[in-house]
Protein chains: 2
Amino acid sequence: MDDDKVFKALADASRRMLLDRLCERNGQTLGQLCETMDMKRQSVTQHLGLLEQANLISTVRRGREKLHFINPVPLYEVYARWIRKFEEERLNLLHDLKQELERKQT
Amino acid sequence: MDDDKVFKALADASRRMLLDRLCERNGQTLGQLCETMDMKRQSVTQHLGLLEQANLISTVRRGREKLHFINPVPLYEVYARWIRKFEEERLNLLHDLKQELERKQT
DNA sequence: CATACATGCAGGCATTTGCCTGCATGTCAA
DNA sequence: TTGACATGCAGGCAAATGCCTGCATGTATG
C-alpha cells in the first residue's frame, strides 16, 4: 500500500464525500456521482482518479458506463499502521507527560 | 473534531514522520524533533502547527522550550467515523458488485 | 449509418502548500 | 546585565492542487 496516496486521497472533502456516496450505494456510474457533487464532471473524474490510484475504489466498465466500487482494504491498513499503533500507546501518554514535566522542574 | 484538518494534517509525509518520532519518544522539544528532520527549523514549526491545529499533538511550555505530545483522540475518531464504518460494509461489497453486474447484463 | 449519450484527455488559471531567508522575542546562566 | 540558546513571526517563491473550458473517443439505439 502507498500510505501517501491514501492519505492524500482522503485529505479532500469532495473525495471523502464521494466515498460516502459509494458507501450509501455502491457501484455508481460517473454520471450518477456527478448528480450529487457541486462541480463539473471533469473535476469529479479527477477526484475519482486519485481515489482509484490510492486503491480506495475499483472500477468496472459496463458498455459506455463506468461503475465505481469502494475497496476498504487500504482503509484497514491505515488503521493497522497508524491508528491501532497509537491506541496501544494511549495509556502511556499521561505517564510520559507527567514524567517529562517532573524531569527538570524538581 | 474537524475531519478536514485531521486528514490534511495526515496527508504529508513529514508530518506523519513527526508523529512517528513522538510515538517513539513522547514530549520532545522543537529542537529535538528538528534533528531528525531534513529541513529547516521554521518548516518543522509549520508542520507542528498544523498538527496542533488538528489537535493531533498538544504542547507544553517549559521555560524557553516547547514540549510536544501526541493526542490519539482525533485518530480514534477518524477510525470510528471513516474506517470502522467501511469495515462494516465490507462483507456487502462483493454482493453489491455481483448484483450490479448482473442487473443489466441478463 | 446517424444521433445522442457516457466518458476520456489536454491545457489554462487562481489558490494553496511547503520550504526557504531574515529578523524579533523570550529565557537561562555566568 | 550580557551573551547564548530556543522559539516565534513575516514575506518570498516554486511546485502542487482543484476547478474550469474545449474537444476527442467510444458505445448504445433508431
Side-chain angles (χ1 to χ4, degrees), chain A residues 2-19 21-22 25 27-54 56-69 100-101 103-106, chain B residues 2-22 25 27-54 56-69 100-106:
Chain A
D2 188 333
D3 262 352
D4 202 59
K5 285 186 179 177
V6 175
F7 279 116
K8 281 188 161 52
L10 292 172
D12 183 272
S14 299
R15 290 192 285 273
R16 293 197 300 276
M17 188 173 296
L18 284 169
L19 287 182
R21 296 287 173 276
L22 288 178
R25 170 164 159 67
Q28 295 188 61
T29 67
L30 171 60
Q32 287 173 325
L33 290 168
C34 284
E35 291 171 9
T36 59
M37 300 294 292
D38 192 24
M39 61 181 67
K40 296 295 176 184
R41 173 182 55 83
Q42 291 89 334
S43 301
V44 176
T45 299
Q46 286 185 329
H47 285 306
L48 290 172
L50 289 184
L51 289 171
E52 190 169 5
Q53 281 187 17
L56 284 164
I57 63 176
S58 304
T59 59
V60 177
R61 293 214 68 117
R62 187 181 61 193
R64 61 184 169 182
E65 293 175 319
K66 189 174 186 179
L67 308 182
H68 299 78
F69 296 87
E100 185 67 24
L101 285 175
R103 197 165 62 84
K104 284 194 177 175
Q105 281 186 338
T106 48
Chain B
D2 189 331
D3 263 350
D4 202 58
K5 285 186 179 176
V6 175
F7 279 115
K8 281 189 160 53
L10 292 171
D12 183 271
S14 299
R15 289 192 287 271
R16 293 197 299 277
M17 185 174 298
L18 285 168
L19 287 182
D20 263 346
R21 296 287 173 276
L22 288 178
R25 170 163 161 69
Q28 295 188 62
T29 67
L30 171 60
Q32 288 173 327
L33 290 168
C34 284
E35 290 171 10
T36 60
M37 301 294 293
D38 191 24
M39 61 181 67
K40 296 297 176 184
R41 173 183 55 83
Q42 292 88 335
S43 302
V44 177
T45 299
Q46 286 185 330
H47 285 306
L48 290 171
L50 290 183
L51 289 171
E52 190 170 3
Q53 281 186 16
L56 284 163
I57 63 175
S58 303
T59 59
V60 176
R61 293 215 69 117
R62 188 182 59 193
R64 59 184 170 183
E65 293 175 320
K66 190 174 185 179
L67 309 181
H68 299 78
F69 296 87
E100 185 68 22
L101 285 173
E102 288 171 348
R103 196 164 64 82
K104 285 194 176 175
Q105 281 186 338
T106 48

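Heavy atoms only: backbone and side chains are in, while hydrogens, waters and symmetry mates are out. Below, chains carry the letters A, B, ... as their sequence lines are ordered, and counting in each starts from 1. Because the structure is predicted, anything quoted here is derived from the model rather than measured.
Out of C/dG18, D/dG8, C/dC20, the shortest distance to the side chain of B/Lys40 is found at C/dC20. Distance from the side chain of B/Gln46 is smallest for C/dC20 among the nucleotides D/dC19, D/dT7, C/dC20.
Summarising the geometry, atom CG belonging to B/Leu48 is positioned 10.5 Å from atom OG belonging to B/Ser14; distances are rounded to the nearest 0.5 Å. Separation of atoms CD1 (A/Ile57) and CG (A/Leu19) is listed at 7.5 Å; rounding is to 0.5 Å. We find the CD-NZ distance between A/Glu52 and A/Lys66 to be 5.0 Å, quoted to the nearest 0.5 Å. Between the CE atom of B/Met37 and the CG atom of B/Leu30 there is a distance of 11.0 Å, given to the nearest 0.5 Å. One finds the CZ atom of A/Arg25 at 10.0 Å from the CG atom of A/Leu33 (value rounded to the nearest 0.5 Å). A distance of 7.0 Å separates CD in B/Gln32 from CD in B/Glu65, rounded to the nearest 0.5 Å.
D/dG26 atom P lies 17 Å from atom CG of A/Leu30, rounded to whole Å. Straight-line distance from the CE atom of B/Met37 to the C1' atom of C/dG18: 12 Å, rounded to whole Å. B/Asp4 has its CG atom 13 Å from the C1' atom of C/dT16, to the nearest Å. Taking atom CG of residue B/Asp38 and atom P of nucleotide C/dG18, one finds them 16 Å apart after rounding to whole Å. Distance, B/Leu50 CG to C/dC19 C1': 13 Å, rounded to whole Å. What separates CD of A/Gln32 from P of C/dC5 is a distance of 16 Å, to the nearest Å. The CE atom of A/Met17 sits 14 Å away from the P atom of D/dG18 (whole-angstrom rounding). Look at CE on A/Met39: it is 17 Å from P on C/dT15, rounded to the nearest Å.
An OP1 or OP2 oxygen of D/dT17 is reached within less than 4.0 angstrom by no side-chain nitrogen or oxygen of A/His47. For the pair B/Ser14 and C/dC19, the criterion of a side-chain N or O lying under 4.0 Å from OP1 or OP2 is met. Of the side-chain N and O atoms in B/Arg41, none sit less than 4.0 angstrom from OP1 or OP2 of C/dC20. Under 4.0 angstrom from either OP1 or OP2 of C/dT7 there lies no side-chain N or O belonging to A/Thr45.
Although no hydrogens or angles enter the test, the distance criterion places a donor-acceptor pair under 3.5 Å between the side chain of B/Arg15 and the main chain of B/Lys8.
Only A/Lys8, A/Asp12, listed by number, bring a heavy atom of residues 6-13 of chain A to less than 4.0 angstrom from any atom of DNA chain D.
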Checklist entry - Step by step, would you call B/Arg16 with A/Asp4 a side-chain contact (heavy atoms from CB on, under 4.5 Å)? => result CA-CA 10 Å; B/Arg16 293 197 299 277; A/Asp4 202 59; 2.8 Å; yes
Each nucleotide N or O in nucleotides 26-30 of chain C that has a protein N or O under 3.5 Å away: list the pair and distance.
residue	atom	partner	partner atom	Å
C/dT27	O2	B/Arg64	NH1	3.4

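Scanning all heavy atoms of the two residues, the minimum distance from A/Gln28 to A/Arg21 falls at NE2-O, 3.1 Å. Across A/Leu51 and A/Ala9, no two heavy atoms sit closer than the pair CD2-CB, 4.1 Å. When all heavy atoms of A/His47 and A/Leu18 are compared, the pair lying nearest together is CB-CD1, 3.7 Å.
Rounded to 10°, the angle separating the first-five-pair axis and the last-five-pair axis of the helix from C/dC1-D/dG30 to C/dA30-D/dT1 equals 30°.
No hydrogens or angles were tested; on distance alone, nothing pairs the side chain of B/Gln42 with the base of D/dG11 as donor and acceptor under 3.5 Å.
Between A/Thr59 and A/Leu67 the shortest side-chain heavy-atom distance does not fall below 4.5 Å.
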